[in-house]
Every structure is written in structure tokens, then in C-alpha cells.
Trainee: 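Take a look at this one; I'll ask things after.
In the text below, chain A, chain B and the rest are named by the order of the sequence lines, each starting its count at 1. This one's a predicted model, so the numbers in the text were calculated from it and none came from an experiment.
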2 protein chains.
Amino acid sequence: MSKTELNTVTESRILEAAEKVFYLKGKDGTSMQDIADEAKLTRTSLNYYYRSKDKLFDIVFRNTMGHFLPKVADLLNSERSLIDLLPELVELVIDSMLEKPQIPVFVLQELSSNPERLPQIWADLGIQPAETLRKMKNDALLAELPVDPRQLIINVISMCIFPFAAKPLLLELMYEHDEQAYITAMEERKELIQLMIKNMLKSS
Amino acid sequence: MSKTELNTVTESRILEAAEKVFYLKGKDGTSMQDIADEAKLTRTSLNYYYRSKDKLFDIVFRNTMGHFLPKVADLLNSERSLIDLLPELVELVIDSMLEKPQIPVFVLQELSSNPERLPQIWADLGIQPAETLRKMKNDALLAELPVDPRQLIINVISMCIFPFAAKPLLLELMYEHDEQAYITAMEERKELIQLMIKNMLKSS
DNA sequence: GTCTATATCCAGATAGAC
DNA sequence: GTCTATCTGGATATAGAC
């Protein structure tokens, strides 16, 4: 292996370690030492590769958003009606969360203390909120619905994401600490939410 | 005013300041200095009243849970069927969140990094998860439903709570930074979710 | 590239004057 | 009760040897 290859191997080992610890303890709860321990390196080396904690966190945060937002953005930027897209959206979001269930709390906490990050995120991913909102308002199929389309979408993403944000609670209250039972239930929700959507579109 | 009255006035001023800053920046993101500034005191005085940051945080956290969980617990501990209780639960939870919309992220973040706190919370509030789960399984009305009652409840609390956890996102994406429009929409959700519940109970 | 050693800073917490 | 002054520890980050 060449030196630059070794280099990138170490870099990604650091990123993995950083992600793991940041997800677990949050940005402020994590020290560079924690990450160094996890990556089996000294703090100095982290600084060598990523200069500062802020920079390292920033990369982890962007990677996290990049893990699922681009696919969501592709869907939203397509010319199809939102109603057609919803089933795919549900599938997509739940599958992403099953891979990394800690993402919701991690992202919500960061956005809640630093909402000014949002514009940068849209820019990174080529999303234009104003444009998306405009499209939604002009969407012929949506316009005929008995419900406010925004409420419809809020319902869907709430049901997709919240059960992961509240994982510890659900594990204890509903699934008797049985991880597998919890995961199975989350899988089942993909079908279940599709059904709920159909109901919402019918009801008046 | 007597000295002890002045005392308690200062104490509650500190608690208010602590709550405000903890809600905004999270436990690890806040320093005692931040709280002291907010309360217009020196750090020393905080320590005089509350001994340590951990103790202060603990009180804020318990107060927060106490803000809405006792009412929820009362509902769950009653002998009525969960199906009857759901409408009241929706009303209760959404109203609580409208009062303090930062609660969801604050609580979810803390529970996610310290899930071992949960047993203490049940103890404080006289909730017995095992008992509640048992009651749910023996609930005659629930047993006849076409859906897993746990999924039903997850859907309802997801739709009640998530829109507050994601407030910055919704404000930007759906309500063009119009706080009032956002609040009105959240109010409307009380009715809307009732309707969704009816649909869930009908569909097979 | 990775280490040890060190500089700087800031946080939490306490002692003691008033 | 509230302050100033101080202690101690831990965190980020850099310098410089190997």
C-alpha cells in the first residue's frame, strides 16, 4: 500500500470513529480524546488530519445529511406529483433510518441549536425550498385533496422518523428490550404507512 | 419580603434561566457561566443554590418531564380502554408541546444518550411499563382491531410530537418562517389526528 | 505520519471577605 | 446571599523530535 492509501485508510478510520462517538454523545458531549480512543490513535493525529474538532464534526454532519438527503432531493426535484412519490419516500426514509437509527436525534439536536445551518444544507444538495413549496402549491393532484398537503407530508415523515428518534423509549415501553422485535416492527411500518396514506387521500 | 422569599425568588429565576439555556444548547453545550449570565448572577451563586451543574440539570430535566408526563400517566393508569383515551391524549400532548416546543428535542437527546434514566422516570411518576403493556394486551377493544395496537399508538404519538422536534425544518420548508402560520397548523393537527385515528380503527 | 511535551484556555467548584 | 479570588481538572490545539 502506498503512503496516500494508508493515509486515506486512517482518515476513514477516524471518520468512522468520530461518527460513532458523535452519534452517541452528541457534538458537545464528545471530546477529541473520545474519538482518538475509539480510532486507536492520539489526539494529535486527529488534528493532523482534520485540524479541529469543529471541522471534523462538520464533515460528519455533512456525511450524515448526504446519507439520505440526496435521494430525497432527487425525488422532490422530479416532475412527478408528490402523491405518486410518497410510497417511495416512505420506503427510502425508513430504510435509511434502519441503517443508522441514531441519525434522527443527532440531526434534530444539531438543527435545533443551529438552525442557521439549513441554508448551507440546501445549497450543498441542490434543493430549493421556495421552489419545492411552489411546486407543491401548483400540484394539480394535491390541490384536489381534502387535506392541506403540508399536513399530509408532515404526517408521513412524522410516522417514518419519530419511532427512530424515540427508539430507547419504544424499546422499553413496547418491545421489552427486544431489539429484533423492534426492528421487525419498524420494517412492518413501511406497509402500514402506505395504508395510512391511502386512507388520508380518501377521507374528507 | 422575608429572606426566604427572596431566596426562592432567586432560586426560580435561576431555574428559569437554566431551563432556557439547557433547552437551547443542550446539557453539554451549556456552561454555568451561560446560565449565570441569563439569570444576571455570578457562577458562584448558582453553586450556592444548586451545588453542581449535574444537580441543576437534573432538576430541570425532572421539571420538564413533570410538565406533561403526570397527566399522561393519569390517563394510562385509568381503567378505561386505550381507544377511549386516545383523543384526550392527542389534545393533552399537543397542548403541552405548544407551551414549550423545545421539549421534544431536549428530552429525546437526553434519553438517547442516557437511556438508563428511564427507570428513574417511571419510578418518579408511578408508571409501571410492564403493567401498562399487560393492560394493553388484555384490552378487549384493542384486541379486536385489525392493526397491532402498539403501531397504532406509535403512529399517534409520532404525529403529535415529531412536528415540534422538527420545528426549524418545518418553519423553513413549509411555513416560510411564519411562526404564527406554524402554530395555527399545529393547533389544527389536533382535529386532524383525531380523524386519522378514526380511519385507523375502521380500516383492515 | 505519529508520537511526547507543552501552551493556552475555559469549565466546574470551593474558600473566604463583605 | 453575593461577591472576588483561587484551585483543579480537562479540553483544544501546536511545536518539535523521531
Side-chain angles (χ1 to χ4, degrees), chain A residues 1-64 106 109-110 113-114 117, chain B residues 1-64 106 109-110 113-114 117:
Chain A
M1 239 188 311
S2 75
K3 222 153 197 190
T4 49
E5 275 175 70
L6 261 172
N7 212 312
T8 55
V9 166
T10 307
E11 274 176 31
S12 58
R13 208 174 76 221
I14 294 175
L15 276 188
E16 267 179 57
E19 183 180 292
K20 185 172 171 185
V21 185
F22 278 137
Y23 279 6
L24 196 66
K25 308 204 211 181
K27 176 179 181 174
D28 299 309
T30 307
S31 71
M32 291 295 264
Q33 187 63 58
D34 292 335
I35 299 171
D37 290 347
E38 182 70 33
K40 307 230 178 348
L41 281 170
T42 54
R43 271 173 304 145
T44 333
S45 302
L46 302 195
N47 279 321
Y48 173 76
Y49 284 103
Y50 293 99
R51 299 291 303 168
S52 78
K53 181 184 175 180
D54 271 348
K55 292 227 170 59
L56 184 50
F57 178 82
D58 217 64
I59 292 169
V60 170
F61 185 73
R62 281 166 193 250
N63 283 352
T64 301
F106 175 74
Q109 152 68 27
E110 178 63 15
S113 36
N114 296 84
R117 260 182 179 283
Chain B
M1 241 191 304
S2 76
K3 223 158 198 188
T4 49
E5 275 175 72
L6 263 171
N7 212 315
T8 54
V9 167
T10 309
E11 274 176 30
S12 57
R13 207 175 75 221
I14 294 176
L15 277 188
E16 268 179 57
E19 183 180 292
K20 183 171 172 188
V21 186
F22 278 137
Y23 280 5
L24 196 65
K25 307 203 211 182
K27 177 181 181 171
D28 299 310
T30 42
S31 70
M32 292 294 264
Q33 187 63 60
D34 292 335
I35 299 170
D37 291 347
E38 182 69 34
K40 307 234 153 88
L41 280 172
T42 54
R43 272 173 303 151
T44 334
S45 301
L46 302 195
N47 280 320
Y48 172 77
Y49 283 101
Y50 293 99
R51 299 291 301 166
S52 76
K53 180 184 175 180
D54 271 349
K55 293 226 170 58
L56 184 51
F57 178 81
D58 218 63
I59 292 170
V60 170
F61 185 73
R62 281 165 194 252
N63 283 353
T64 302
F106 176 73
Q109 152 69 25
E110 177 63 14
S113 36
N114 295 82
R117 259 182 180 282

Trainee: With side-chain contact (heavy atoms from CB on, under 4.5 Å) as the criterion, how do A/Asp54 and A/Lys27 come out once you've worked through the C-alpha distance, each side chain's angles and the decisive distance to 0.1 Å?
Mentor: CA-CA 9 Å; A/Asp54 271 348; A/Lys27 176 179 181 174; 3.5 Å; yes

Trainee: Can you check the B/Arg13 CZ to D/dG1 P distance for me, whole Å?
Mentor: 14 Å

Trainee: Figure out the CG/C1' separation between B/Leu46 and C/dT14, and round it to whole Å.
Mentor: 14 Å

Trainee: Could you write out DNA chain C as a dot-bracket string, with dots for unpaired bases, | for bases paired across to another strand, and Watson-Crick or G-U pairs counted at under 3.5 Å?
Mentor: ||||||||||||||||||

Trainee: Identify the two heavy atoms, one from B/Glu19 and one from B/Val60, that lie closest to each other, and give their separation to 0.1 Å.
Mentor: CA-CG1, 3.9 Å

Trainee: If I compare all heavy atoms of B/Ala36 with all of B/Leu46, which pair ends up nearest, and what's the gap?
Mentor: N-CD1, 3.8 Å

Trainee: Of all heavy-atom pairs between A/Asp58 and A/Arg117, which one has the smallest distance, and what is that distance?
Mentor: OD1-NH2, 2.8 Å

Trainee: With a 3.5 Å cut-off and no angle check, do the side chains of A/Thr44 and A/Asn47 form a donor-acceptor pair?
Mentor: no

Trainee: Testing the basics here: between A/Gly26 and A/Thr30, what is the closest heavy-atom pair and its distance to 0.1 Å?
Mentor: O-OG1, 2.5 Å

Trainee: Given that A/Asp34 and A/Asn47 both sit by DNA chain D, which one's nearest nucleotide is further toward the 5' end?
Mentor: A/Asp34

Trainee: Does a side-chain N or O from B/Tyr49 land closer than 4.0 Å to OP1 or OP2 of D/dT2, or not?
Mentor: yes

Trainee: Could you write nucleotides 3-11 of chain C as a row of B, S and -, 5' to 3', where a protein heavy atom under 4.0 Å of any base atom gives B, of only sugar-phosphate atoms gives S, and otherwise -?
Mentor: BB------S

Trainee: Yes or no on side-chain contact (heavy atoms from CB on, under 4.5 Å) for B/Leu41 and B/Arg13, after CA distance, side-chain angles and deciding distance?
Mentor: CA-CA 10 Å; B/Leu41 280 172; B/Arg13 207 175 75 221; 3.5 Å; yes

Trainee: Distance check needed: C/dA13 P versus B/Phe57 CZ, whole Å only.
Mentor: 14 Å

Trainee: So, do A/Phe57 and A/Phe22 have ring centers that fall under 6.0 Å from each other?
Mentor: yes

Trainee: Rounded to the nearest angstrom, tell me the gap between atom CD1 in B/Ile35 and atom P in C/dA13.
Mentor: 11 Å

Trainee: Atom OH of A/Tyr50 and atom P of C/dT2: how far apart are they, to the nearest Å?
Mentor: 12 Å

Trainee: Check the distance between C/dA13's P and B/Arg51's CZ and give it to me in whole angstrom.
Mentor: 9 Å

Trainee: Rounded off to whole Å, could you give me the CG-to-P distance for the B/Asp28 and C/dG12 pair?
Mentor: 10 Å

Trainee: Search all heavy atoms of B/Leu24 against all heavy atoms of A/Ser113 and return the closest pair with its distance.
Mentor: O-CB, 3.3 Å

Trainee: Tell me the interatomic distance from A/Leu56, atom CG, to D/dA11, atom P, rounded to whole angstroms.
Mentor: 16 Å

